[in-house]
Amino acid sequence: MKEKIKHLILQASNAAYLNGDLPSKAIFEIEVDVPKIASHGDFSTNMAMIMASSQKMPPRKIAEAVIKNIIDRDKILKKTEIAGPGFINFFINTSSWLPVIRKVHNENIRYGACNIGKGKKIQIEFVSSNPTGPLHVGHGRGAAVGDAVANILQFCGYDVQKEYYINDSGRQIHTLGKSVLLRYKALFGEQIEYPEDCYQGDYVSDYATEIKNREGEALLNQEEEMSIPFCARFAAKRIIKNIRQDLEAFGVHFDNWYSEQTLYDSGKVDAVIDDFRNKKMIYEKDGALWFKTTKYGDEKDRVVVRKNGQTTYFASDIAYHQDKFDRGFDRVIDVWGADHHGYISRVASAVEASGRDRNQFHVILVHLVNLLRGGEPVAMSTRAGEFVTLRDVVDEVGRDATRFIFLTRHYESPLDFDLELAKRKTNDNPVFYVQYVHARISSIIRKGKEDGFDNIPWDEKALATLNEPEEINLMKAMDRYPETLRSSATYMEPHRVTFYLMDLASIFHAYYNKHRVLTDDPVLSKGRLYMVRAIQKIIRNGLTLLGVSAPDKM
RNA sequence: GCGCCCGUAGCUCAGUGGAUAGAGCGUCAGCCUCCGGAGCUGAAAGUCGCUGGUUCGAACCCAGCCGGGCGUACCA
């Protein structure tokens, strides 16, 4: 509907110029808004105020000229008015809202889809937790955000690939191997000092026991150069498997799992370093190799190869991001924890140095999750091995509530996640509020079938019975869904969908409370059934994009 | 010190140039012979951290302060 209004304004402005009502042809991007106050109409535009200086006319005069030239062929406008300093307010005929219901049914699960992506290949990499321990709630938030963004982008015409980057190389993996080996040795009665910087969780001992059962005491006599990598690979493999299972249980499925180690094995890291050395982007200083990230706005240059000859994480990241683009992605998105924000400029520099445009690379920073139980903070220490894992949370409060709550905030806002609250089935917990709409409508449909309303053919007369204010409100809300998705995709902000669904749910519940769908009048009942079924479809669409189920019964 | 993020109702948060700033929770007052009360209606509640600036118009943009978080490695 908003597009139609924009079209009318554009047409009117051109006509006004042609017949001399407006002196200038200059038409800007026309903004049409839904006013906050109902008395200001269904839509309004500020274009007359924006154009005042270029037209050299007072805004109200411009507004008059535009309104005079509007040709409303479809008779969607009930009236227009000029208000305040120069707003043009548009009031829509109630009957003009009706077609949205037909549209929802016709487009069905594609309702709200668009093609702003134009089929461009886009990769979104998220979670990418180190395989040194189980996923915690923070990773869960990243997973929920990344997955929802991916779904929304897909729905808006991008060709999306979801990737998990496995940091299976470097020091942390070495520490993991060492941790397991020490626990292993302890199983044979060796007196060992277990360092604080080793992984403390019980799972480390579990893997040690498993190795003991399979390999006996073979590792006791090996050099650590052999046994530590063995333990590391053994444990990492199992941890990755568990991570994958936890993510599947959370409803998150990746298209690709990419190993950091393969970047080294294939020589890509070395090749990138050589390449940039030749291009003088990498230079030697104090015995280390530095990348000139300052050239692209970073605060200081960054080390890629340490004095001791070991590469840094940044070295493989340069190769990794170059490889992403080499795989043909037009845009690359990384979802990181907010504590990594200091890393953005150096990776962005590397991307730019590789000849890509800066805005082809985008980082979504997901802020931390405070885990609470009944208002009290839950101890979370990875080192001490005391933490509630994502799996624990999903098992306790359920996948739907967990995912939905993660998406009830902008991702740059810290989030309190209260386990007791998440389990509550009240308005504290909006997931049920939204799902309840779906279940309620299913219930109405079941009841309707008993009353003989089954497979009802399309009937314009029935549709035309819809004219209650609450019904018009619902149609307006349905009409807003495509635009909500578009902005959610453009800004990569899934919480916009979450808020939309809560809003739609609220409007539905109010309607439900005031009016019956199944009435004594069969024509009216049919019309209302069309409408509620359309609402149900949107609720299901939206929840699906967020990775949340839409139950028929609760 | 420098950089990034945040500061909106008692609490948790929406709102990225428009008109009278919204929602949930909490508080108070109401609504079920009827499709699911996991629901609905109403009320009270605000100097949008502070001060300047930009303009017809600022919670939103700019500058400077004040508070909180994070980062500032030859860790990831």
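Below, chain A is the first sequence line, B the second, and so on; all start at residue 1. Computed from a prediction, not measured in an experiment: that's the story for all the values here.
At B:C75, one or more side-chain N or O atoms of A:Arg306 fall inside 4.0 Å of OP1 or OP2 (strictly under the cut-off). Between A:Ser413 and B:A14, a side-chain N or O to OP1/OP2 separation shorter than 4.0 Å is present. For B:C40, one of the phosphate oxygens OP1 or OP2 lies less than 4.0 angstrom from a side-chain nitrogen or oxygen of A:Tyr433. Phosphate proximity of B:G37 to A:Tyr512: present, with a side-chain N or O under 4.0 Å from OP1 or OP2. Contact between the side-chain N/O atoms of A:Arg440 and the OP1/OP2 oxygens of B:A38 is not found at any separation under 4.0 Å. Taking only side-chain nitrogens and oxygens, A:Lys36 comes nearer than 4.0 Å to OP1 or OP2 of B:A19.
When heavy atoms are screened at a 4.0 angstrom cut-off, A:Glu493 is found touching base atoms of the nucleic acid. Within the nucleic acid shown, A:His340 comes within 4.0 Å of at least one base atom, counting heavy atoms only. Looking at heavy-atom distances under 4.0 Å, A:Gln310 makes no contact with the nucleic acid at all. Note on A:Asp520: nothing from the nucleic acid sits closer than 4.0 angstrom, heavy atoms only. Base engagement by A:Arg496 is indicated by at least one non-hydrogen atom pair under 4.0 Å involving a base atom. At the heavy-atom level, A:Asn130 lies under 4.0 Å from the strands shown only through sugar-phosphate atoms. Across all strands, A:Asn89 comes closer than 4.0 Å to base atoms (heavy-atom distances).
The nearest whole Å value for the distance from the CD1 atom in A:Ile444 to the C1' atom in B:G36 is 9 Å. In this structure, A:Tyr491 atom OH and B:C60 atom C1' are separated by 12 Å, rounded to whole Å. Between the C1' atom of B:C74 and the CG atom of A:Asp301 lies a distance of 13 Å, rounded to the nearest Å.
With salt bridges taken as basic N to acidic carboxylate O contacts below 4.0 Å, none links A:Asp416 and A:Arg409. Taking a cutoff of 4.0 Å between a charged side-chain nitrogen and a carboxylate oxygen, A:Asp286 and A:Lys307 do not qualify as a salt bridge. Remark: A:Arg480 does not engage A:Glu483 in a salt bridge, criterion side-chain N to carboxylate O under 4.0 Å.
Side-chain atoms of A:Phe499 lie closest to B:C13 of the nucleotides B:G36, B:C13, B:A76. In this structure, the nucleotide among B:A38, B:C74, B:C40 sitting nearest to the side chain of A:Lys300 is B:C74. In the set B:G37, B:G18, B:C75, the nucleotide with an atom closest to the side chain of A:Arg171 is B:C75. The nucleotide whose nearest atom lies closest to any side-chain atom of A:Ile50 is, among B:C40, B:G18, B:C75, B:G18. In the set B:C74, B:A76, B:C5, the nucleotide with an atom closest to the side chain of A:His367 is B:C5. Distance from the side chain of A:Leu518 is smallest to B:C35 among B:U12, B:A76, B:C35. The side chain of A:Arg409 sits closest to B:C13 out of B:C5, B:C13, B:G18. With B:G36, B:G18, B:C74 as the candidates, the nucleotide lying closest to the side chain of A:Asn46 is B:G18.
Of the nucleotides present, B:C70 is the one that pairs with B:G3 by Watson-Crick or G-U wobble criteria, both distances under 3.5 Å. Applying the Watson-Crick and G-U wobble criteria (two distances, each under 3.5 Å), B:G30 pairs with B:C40. Base pairing of B:A19 is not made with any nucleotide, judged by Watson-Crick or G-U wobble geometry with both donor-acceptor distances under 3.5 Å. Under the Watson-Crick or G-U wobble criterion, with both distances below 3.5 Å, B:C50 is paired with B:G64.
Where stacking is scored as ring centres under 5.5 Å apart with planes under 30°, A:Phe87 registers as stacked on the base of B:A19. For B:A19, the base is stacked against the aromatic ring of A:His40, per a cut-off of 5.5 Å between centres and 30° between planes.
A:Lys78 forms no cation-pi arrangement with A:Phe91, by the criterion of a distance under 6.0 Å to the ring centre and an angle within 45° of the ring axis. With a 6.0 Å cutoff to the six-membered ring centre and a 45° limit on the axis angle, A:Arg440 counts as a cation-pi contact of A:Tyr512.
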Show, in sequence, the C-alpha distance, side-chain angles and deciding distance for A:Tyr164 and A:Tyr258, and conclude whether the ring pair (Phe, Tyr, Trp, His ring centres under 6.0 Å) test is met. CA-CA 6 Å; A:Tyr164 187 116; A:Tyr258 196 102; over 10 Å; no
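For A:Ser44 and B:A19, a side-chain-to-base donor-acceptor distance below 3.5 Å is present, hydrogens and geometry of angles not being considered. A donor-acceptor contact under 3.5 Å is formed by the side chain of A:His341 with the base of B:G3. If you check distances only, the side chain of A:Asp339 never reaches the base of B:G71 with a donor-acceptor pair under 3.5 Å. Below the 3.5 angstrom threshold, one finds no donor paired with an acceptor across the side chain of A:Asp317 and the base of B:A76. For a distance-only test at 3.5 Å, the side chain of A:Asp33 fails to qualify as a donor-acceptor partner of the base of B:G18.
Side-chain polar atoms of A:His362 and A:Asp334 form no donor-acceptor pair below 3.5 angstrom.
In this structure, A:Tyr481 and A:Tyr500 have tilted ring planes: the angle between them lies in the 30° to 60° band.
For B:C70, the O4'-C1' to base torsion is more than 90° from 0; the nucleotide is therefore anti.
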